Amino acid sequence: MRARFRTSKLRVAIVGAGPAGFYTLDALLRAEIPLEVDLIDRLPTPFGLVRGGVAPDHQHTKAVSRAFEALLDRPEVRFWGDVELGRDIHLAELRGLYDAVVLAIGAPEDRPLGIEGEALEGVYGSGAFVGWYNGHPDWQHLDPPLDGAPAIVVGNGNVALDIARVLLKTPGEMAASDLSEPAAGRIAAHPPQSVTILGRRGPLEARFALAELRELGDLEVGPPAIVKSDELPTLPRDAGALADERESRRAERVLAVLRSYEETPVEAARLRFRFFTRPIAALGEERIRALRCQGTGFDEEGRLVDRGQPFDLRCGLLISAIGYSSEAVEDAPFDSPRGRFRAQGPRLEPGLYAAGWCLRGPSGVIGTNKHDGDAAAAAILAEVKPAAKPGRIGLHGILRGRQREWIDRAAWRAIDHRERAAATAPAPRRKLITYDELRTAAREAEQG
Ligand code: NAP
């Protein structure tokens, strides 16, 4: 048996089959050296954020999964879905089995708002809420109260825009999406009468992408409105004060789009932007019924300060879209306050690497992870020599010994096929949304 290990293949385990994991895999394969790469994910399905995070109506962004899918066909590669680090296999074991281990586990934890009432029914982080409507099996218990009451989304990033859009688009506008069936039914039956996107700073500081902001002007429910306040009686005429030239150009463009929404009457608008407002408490007995807010503004030194008296905004749903943190993994150096791994470049320790949001923090688009994947692969190729380790034969043995079943490429393809066959055109797929459904579809494939 030992002789089988004594080849010069480099054996790498990548934990996390999302964009950072796939881009690392791609970069390793491009090196064209003798290689064995195992892609391990705790979910039964690959593609991470592309499947469970990217908005269901942004199928053009999800198209990257076709390129990822093709990598699964490479003979050097195996997919091990439904295999969880810390539950089914330990990091120390993986490090013993492979020449290098790459952690590409993303940033799945919602950052808390840290306000009173955050545990009320109807208050969710964006990771949980997006996971619910995207059919992520961890979030199907969420059961958010959707009964037409106004919704508030806290945060001025693209995730806030995604959520507002998905809550307000009509079933016709979502027909070509892969919004999960239960979420589609719930939202269509009782969409919020209004959605307010709340920013603690102003329009110049918003992190919206232009295309996403423009898209809101074309919604069937009508264009968004801008809520005026003492701090923001009109939108700024220009973004001139910004030091960074690129940022300044970007802010000018964001302003131009917001300006096109400035004349929309606020009362009639289903979607509203309210800047210079920070949440201070969620009010309610069991379920949220209002958000207590505080107006803000910049002082002469450019510091954000409170302005005026607190006020309440009625709502039945509050979603905070304020960023994410990663989760600590046994024995891997973790920077808890920053919620990401501690590393020198992509290397955490000799033989242990990281890529993507779990290393860099939750920013950038899907393609940004390509740089991370390239960097992790380059470091591995420069630093790690094949040491005739057991690799996937060892992983197979450990999982079998623990009587764990996993989902391989063929089983994932069966899930994929089942989802596509169940869709009603023009929807691309009808997602299986529970672990049971996913595992059953995979098992039936093996039996059939
Ligand atoms: P983000 O772009 O970092 O935005 C987070 C927002 O939350 C900021 O406006 C921030 O305001 C605000 N915030 C943070 N803490 C807060 C608090 N305690 N109270 C109130 N507001 C708070 O994050 P994201 O929207 O989660 O997106 C994550 C990454 O994914 C981003 O890079 C985004 O561009 C990307 N993404 C891209 C797309 C797309 O391209 N279509 C779609 C979705 C996501 P401050 O600026 O004041 O801190």
Side-chain angles (χ1 to χ4, degrees), residues 19 49-50 53-64 126 130 134 151-170 173-174 176-177 194-228 231-232 234-264 266 269-277 298 319-324 357 360-371:
L49 209 60
V50 176
V54 169
D57 58 334
H58 276 182
Q59 291 294 319
H60 52 285
T61 307
K62 288 179 189 260
V64 69
S126 55
V130 170
N134 255 334
I152 295 177
V153 186
V154 179
N156 273 181
N158 288 321
V159 172
L161 300 189
D162 282 350
I163 293 168
R165 202 178 62 246
V166 169
L167 281 173
L168 288 176
K169 270 192 169 179
T170 61
E173 287 176 294
M174 291 302 279
S177 80
S194 67
V195 177
T196 299
I197 298 176
L198 221 64
R200 62 179 171 183
R201 300 194 288 161
L204 297 182
E205 291 76 38
R207 301 191 194 163
F208 308 135
L210 275 184
E212 276 65 19
L213 193 58
R214 277 198 200 105
E215 198 181 347
L216 298 178
D218 298 327
L219 297 184
E220 274 180 31
V221 294
I226 316 278
V227 180
K228 305 288 168 44
E231 194 58 34
L232 194 75
T234 57
L235 289 171
R237 280 211 310 277
D238 56 54
L242 296 185
D244 182 283
E245 202 182 311
R246 247 181 85 207
E247 266 306 295
S248 173
R249 268 204 307 275
R250 204 191 68 83
E252 289 284 3
R253 291 188 185 125
V254 166
L255 262 189
V257 184
L258 288 174
R259 225 175 263 129
S260 69
Y261 303 147
E262 216 177 357
E263 300 309 317
T264 313
V266 172
R270 298 278 303 278
L271 176 55
R272 300 163 192 169
F273 288 97
R274 187 185 265 271
F275 295 101
F276 291 115
T277 305
F298 290 114
I319 300 146
S320 58
I322 61 167
Y324 308 100
W357 280 12
R360 173 169 53 80
S363 66
V365 294
I366 298 293
T368 314
N369 293 290
K370 183 172 185 330
H371 301 281

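The structure displayed is predicted, hence computed values, not measured ones. Basis for what follows: all heavy atoms, side chains included, without hydrogens, waters or symmetry-related copies.
In this structure, Asn369 and Arg360 have side chains that are in contact, with non-hydrogen atoms separated by less than 4.5 Å. Asn158 places none of its side-chain heavy atoms less than 4.5 Å from the side chain of Arg207. Side chains of Thr234 and Glu262 form a contact here, defined as non-hydrogen atoms less than 4.5 Å apart. Within the 4.5 Å cutoff, no side-chain heavy atoms of Thr264 are placed close to those of Pro224.
Within the 3.5 Å criterion, the main-chain N or O of Leu235 finds no donor-acceptor partner in the side chain of Arg259. At least one donor-acceptor pair under 3.5 Å links the side chain of Gln59 to the backbone N or O of Pro56.
In this structure, Ala269 and Pro223 approach most closely via the heavy-atom pair CB-O, 4.2 Å. Taking all atoms of both residues into account, the shortest heavy-atom contact from Gly202 to Phe275 is C-CD2, 3.7 Å. Taking every heavy atom of both residues into account, Ile197 and Ala164 meet most closely at CD1-CB, 3.8 Å. The shortest non-hydrogen separation linking Trp357 to Pro362 is CD2-CA, 3.4 Å. The minimum heavy-atom distance between Asp238 and Leu204, with the atom names listed, is O-CD1, 4.2 Å.
Considering only residues two or more places apart in sequence or on other chains, Asn134 meets the side chain to side chain donor-acceptor pair (under 3.5 Å) condition with none of them. When the side chain to side chain donor-acceptor pair (under 3.5 Å) test is applied to Lys62, no partner is found at least two apart in sequence or on another chain.
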Mind listing the side-chain donor-acceptor pairs of residues 208-222 below 3.5 Å, one per line with the distance, residues two or more places apart or on another chain?
from   : atom 1 : to     : atom 2 : distance (Å)
Glu215 : OE1    : His58  : NE2    : 3.0
Glu215 : OE2    : His58  : NE2    : 3.2
Glu215 : OE2    : Arg165 : NE     : 3.4
Glu220 : OE1    : Thr170 : OG1    : 3.3

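A salt bridge links Glu247 to Arg250: one of the charged nitrogens lies within less than 4.0 Å of a carboxylate oxygen.
Between the CG atom of Leu271 and the CD1 atom of Ile226 there is a distance of 9.0 Å, given to the nearest 0.5 Å.
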